[in-house]
Chemist: 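Submitted below is the structure of interest, expressed as structure tokens.
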Amino acid sequence: MKKGDIIEVVIEAQRFPKEGTAHYDGRRMKVDDALEGQTVNVKVLKCSDKKLKVKNAGVVNRADYEIAPKCSFSEFCGGCTFPTVPYEMQVKMKEDYVLSLLEANGIDCGVYVGIEGCERTTEYRNKMEYTFGDCEKGGRPELGMHRKGRYMDIITVSDCVIADSDFNIITGAVLDFFTEEGIPHYNKKEKTGFQRNLIIRKGEKNSELLINLVTTTQYSLNEEKFVERLLGLKLKNRVVGITHTFNDNIADFVYCESIKTLWGQDYYIEEINGLKFKVTPFSFFQTNTEAAGRLYEYAVGLIDEIDGKTVFDLYCGTGTISQIMAPSAKKVVGIEIVEEAVEAAGINAEINGLDNCEFIAGDVFEALDSVSEKPDVIVLDPPRAGILPKALRKILDYKVDTMVYISCNPLTMAANLAVMQEEGYEIKTIKAFDNFPGTKHVETVVSLVRKNPDDYIKVKLDLDDLDLTALESKATYSEIKQYVLEKYGLKVSSLYIAQIKQKYDIIEREHYNISKKEDARVPQCPKEKEDAITDALKHFKMI
């Protein structure tokens with residue numbers, strides 16, 4: 001056997017979400033994008049006596065349990081993770097993943113009360129962000145999703161099933177419009193072209209659509225003709241606003257340098273649990289409205305006797321859960337690092353007539369110093385990176401009797417919970433929610449109570465000295481690489497990431513891939529990649 005050979009293997013086991021394990025000729029291998037029970041071809045990349053490094057070269061036979069995908073582009077589109085897995089099995093896979101992480105971190109799984117799935121497994125997303133591009137160099141224009149495993153390539157997904165069917169009609173019409181106009185889409189490498197992204201949002205309450213075109217300023221848009229084309233579409237929902245965002249930033253992400261309303265209004269009003277929320281083109285808002293409402297209602301219900309209590313809602317986003325608690329609480333203080341989200345939270349509180357909410361823009365660790373009140377209850381809804389050690393210590397120092405932890409990443413949640421247990425908190429219940437069918441994402445809600453000091457022995461734990469890699473209380477190297485690739489189109493090595501982490505004093509040991517030779521020349525991270533990695537560290541709240 002040699003590099004480049006194609007061999008056929010059966011996937012014997014699967015690590016969540018889709019990393020398969022197989023054996024061939026006594027050698028073990030990991031197979032990307034594979035499900036247990038599948039027979040797949042793999043291409044040999046590297047061969048040793050005990051294991052093989054391979055790349056998935058295509059499915060030969062599906063597993064017995066697999067079903068036909070509802071979307072005809074599922075083989076190529078990177079938007080969904082489990083298009084051929086029955087929904088009940090998807091839910092079970094996510095549940096097993098959560099339980100395995102809890103067990104690995106020493107969390108009592110006896111407090112786990114189950115996972116709640118979605119009644120709607122299709123057309124549940126209220127927001128989609130599409131990209132203009134092509135699937136091959138010089139090929140026909142496309143408007144859709146990034147192709148699986150090939151970030152620079154875009155494919156038009158004309159029958160996406162997780163978004164409202166109107167979204168497919170709109171994207172098709174917009175693509176046809178620019179093809180007819182002969183205006184070139186933006187080219188990431190050459191930094192030339194016009195149309196970059198199309199963002200469509202839907203208000204579930206009143207079936208309203210907000211359409212936002214993102215372009216450079218290199219060409220002119222026939223605004224009247226563009227609006228006329230969109231308003232002439234036969235849709236089941238009602239278009240309430242069409243906006244045009246200008247973005248000449250060379251970084252490959254959606255950025256608003258300025259925005260213009262072409263028709264109608266630049267917002268819609270959504271409702272969750274009886275409260276109104278103003279949603280604009282760039283508002284942060286839960287992408288599954290119905291599921292978010294159920295999750296928030298459950299989370300707030302875990303707080304006993306909230307009446308007359310001061311609640312801290314940390315990592316509060318646009319303050320949705322803050323405002324759900326506000327009618328009963330004495331006061332709610334929300335802290336969020338994204339200034340635009342804080343501004344939106346204040347506007348929404350005014351809309352709902354709530355005068356007992358205070359929203360602060362800033363990093364949780366630093367912003368808590370500016371708050372004079374002491375909380376009775378703390379609600380935590382951190383980003384995927386979880387709560388970093390210094391912030392977690394400050395939160396635990398309040399010694400509140402009740403905390404509720406809402407997680408979008410079970411990996412970092414489990415690591416945080418292990419520390420909270422060590423610091424005297426008892427986990428009462430853990431419940432998972434599958435709010436995003438077809439994808440790998442899973443939400444979890446945890447209720448915690450502070451134990452009586454007489455009931456446990458406290459061990460001093462210096463969070464600063466802990467090995468954060470073991471804690472998993474931050475982004476992994478793979479997550480940082482993926483972020484940089486998706487946002488900037490750059491590939492960065494683990495060595496470069498380690499160099500930048502050392503620069504910011506967030507790595508406690510020499511990185512592992514420096515040569516042991518005395519005269520070895522270690523390549524230094526280029527400025528462009530350093531800036532991209534630094535941005536990733538900020539995104540994951542590591543610096």
Side-chain angles (χ1 to χ4, degrees), residues 296 299-339 341-343 345-346 348-350 352 354-383 386-407 413 416-429 445-464 473 541:
Y296 289 149
V300 173
L302 296 173
I303 304 172
D304 295 330
E305 300 177 357
I306 196 174
D307 292 4
K309 292 183 177 179
T310 297
V311 184
F312 281 10
D313 182 11
L314 307 183
Y315 313 94
C316 70
T318 53
T320 307
I321 197 166
S322 298
Q323 293 171 68
I324 294 173
M325 296 185 291
S328 301
K330 175 184 176 182
K331 182 177 182 179
V332 179
V333 177
I335 299 178
E336 167 61 44
I337 197 168
V338 181
E339 292 185 7
V342 172
E343 292 174 7
N348 290 326
E350 289 182 14
N352 292 304
L354 301 170
D355 58 5
N356 63 336
C357 293
E358 178 186 357
F359 296 104
I360 301 170
D363 175 75
V364 166
F365 175 73
E366 297 173 351
L368 283 173
D369 291 335
S370 67
V371 184
S372 58
E373 292 94 345
K374 299 299 180 184
D376 301 302
V377 177
I378 295 178
V379 175
L380 304 161
D381 191 359
I387 307 172
L388 297 183
K390 288 184 178 180
L392 184 55
R393 176 198 291 136
K394 187 170 286 189
I395 292 166
L396 292 170
D397 283 345
Y398 282 110
K399 295 181 171 57
V400 298
D401 291 333
T402 303
M403 282 199 277
V404 176
Y405 189 124
I406 303 170
S407 167
M413 174 202 71
N416 285 160
L417 292 181
V419 175
M420 296 166 88
Q421 275 193 156
E422 291 285 347
E423 290 293 297
Y425 278 88
E426 177 183 0
I427 300 170
K428 290 180 63 179
T429 60
V445 180
V446 184
S447 63
L448 303 101
V449 294
R450 185 167 177 263
K451 293 187 288 188
N452 187 316
D454 294 335
D455 296 337
Y456 70 97
I457 299 173
K458 183 176 179 180
V459 178
K460 181 174 175 55
L461 188 64
D462 191 337
L463 298 178
D464 284 336
S473 187
K541 295 184 170 59

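Keep in mind that the numbers below use all heavy atoms, side chains included, and drop hydrogens, waters and symmetry copies.
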Chemist: Under the criterion side-chain contact (heavy atoms from CB on, under 4.5 Å), I'd like the reasoning laid out for Val446 against Leu380: C-alpha separation, chi angles, the key distance, then a yes or no.
Modeler: CA-CA 10 Å; Val446 184; Leu380 304 161; over 6 Å; no

Chemist: Ala345 and Gly319: which non-hydrogen atoms are nearest, and at how many Å?
Modeler: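 What the structure gives for the nearest pair is CB-N, 4.0 Å.
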
Chemist: List the residues meeting side chain to side chain donor-acceptor pair (under 3.5 Å) with Lys428, not counting sequence neighbours, and say none if there are none.
Modeler: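 Partners of Lys428 under the side chain to side chain donor-acceptor pair (under 3.5 Å) test: none.
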
Chemist: Under the side-chain contact (heavy atoms from CB on, under 4.5 Å) criterion, do Leu396 and Met420 qualify, and how do the steps go?
Modeler: CA-CA 8 Å; Leu396 292 170; Met420 296 166 88; 4.1 Å; yes

Chemist: For Glu423 and Val419, indicate whether the former's side chain and the latter's backbone hold a donor-acceptor pair under 3.5 Å.
Modeler: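 No, Glu423 side chain to Val419 backbone: no donor-acceptor pair under 3.5 Å.
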
Chemist: Roughly how far, to the nearest 0.5 Å, is CD1 of Ile378 from CG of Asp401?
Modeler: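 It comes to 11.0 Å.
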
Chemist: I'd like to check Ile406 versus Ile321 (side-chain heavy atoms, cut-off strictly below 4.5 Å). Are they in contact?
Modeler: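 In contact.
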
Chemist: When you measure from the side chain of Ser370 to the backbone N and O of Ala367, does any donor-acceptor pair fall under 3.5 Å?
Modeler: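 Yes; judged by distance alone, with no hydrogens or angles, the pair exists.
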
Chemist: For Ala326 and Asn356, which heavy atoms make the closest approach, and how far apart are they?
Modeler: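 Shortest heavy-atom separation between Ala326 and Asn356 comes out as O-ND2, 2.9 Å.
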
Chemist: With sequence neighbours excluded, give me every side chain to side chain donor-acceptor pair (under 3.5 Å) pair touching residues 304-313.
Modeler: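 Matches after skipping sequence neighbours: Asp313-Ser322.
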
Chemist: How many angstroms lie between CE in Met403 and CG in Leu417, if you round to the nearest 0.5 Å?
Modeler: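 The CG atom of Leu417 is 9.5 Å from CE of Met403, to the nearest 0.5 Å.
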
Chemist: Sorted by first residue and then second, give each salt bridge (charged side-chain N to carboxylate O under 4.0 Å, His left out) pair with at least one member in residues 359-383; sequence neighbours left out.
Modeler: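 Every salt bridge (charged side-chain N to carboxylate O under 4.0 Å, His left out) pair that includes a residue of residues 359-383, provided the two are not neighbours, is Lys331-Glu373, Asp369-Lys394.
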
Chemist: For Ile335 and Gly362, work out which heavy atoms get closest and say how close.
Modeler: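 Shortest heavy-atom contact: CG2-O, 3.6 Å.
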
Chemist: Which heavy atom in Val400 sits nearest to a heavy atom in Tyr425, and how many Å separate them?
Modeler: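 It is O-OH, 2.6 Å.
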
Chemist: Enter the distance from Tyr296:OH to Thr320:OG1 here, rounded to the nearest 0.5 Å.
Modeler: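 Interatomic distance, Tyr296 OH to Thr320 OG1, rounded to 0.5 Å: 5.0 Å.
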
Chemist: So which atom in Tyr315 and which in Ala391 form the shortest heavy-atom distance, rounded to 0.1 Å?
Modeler: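 Scanning both residues completely, I find the closest heavy atoms to be OH-CB, 3.9 Å.
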
Chemist: Quick one, Phe359 with Glu336, criterion side-chain contact (heavy atoms from CB on, under 4.5 Å). Give me CA distance, side-chain angles, the key distance, then yes/no.
Modeler: CA-CA 8 Å; Phe359 296 104; Glu336 167 61 44; over 6 Å; no

Chemist: If you round to the nearest 0.5 Å, how far is CD of Gln421 from CD of Glu426?
Modeler: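 Nearest 0.5 Å value for the CD-CD distance: 9.0 Å.
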
Chemist: Grab the two heavy atoms, one from Gln323 and one from Ala349, that are nearest each other, plus how far apart they are.
Modeler: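 In this case the closest contact between Gln323 and Ala349 is OE1-N, 3.2 Å.
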
Chemist: Between Val377, Val332, Thr402, Val311, which is the residue that forms a side-chain contact (heavy atoms from CB on, under 4.5 Å) with Ile306?
Modeler: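 Of all the options given, the one that passes is Val311.
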
Chemist: Heavy atoms, side chains only, cut-off 4.5 Å: are Ile387 and Val364 in contact?
Modeler: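 With C-beta onward as the side chain, the pair stays apart.
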
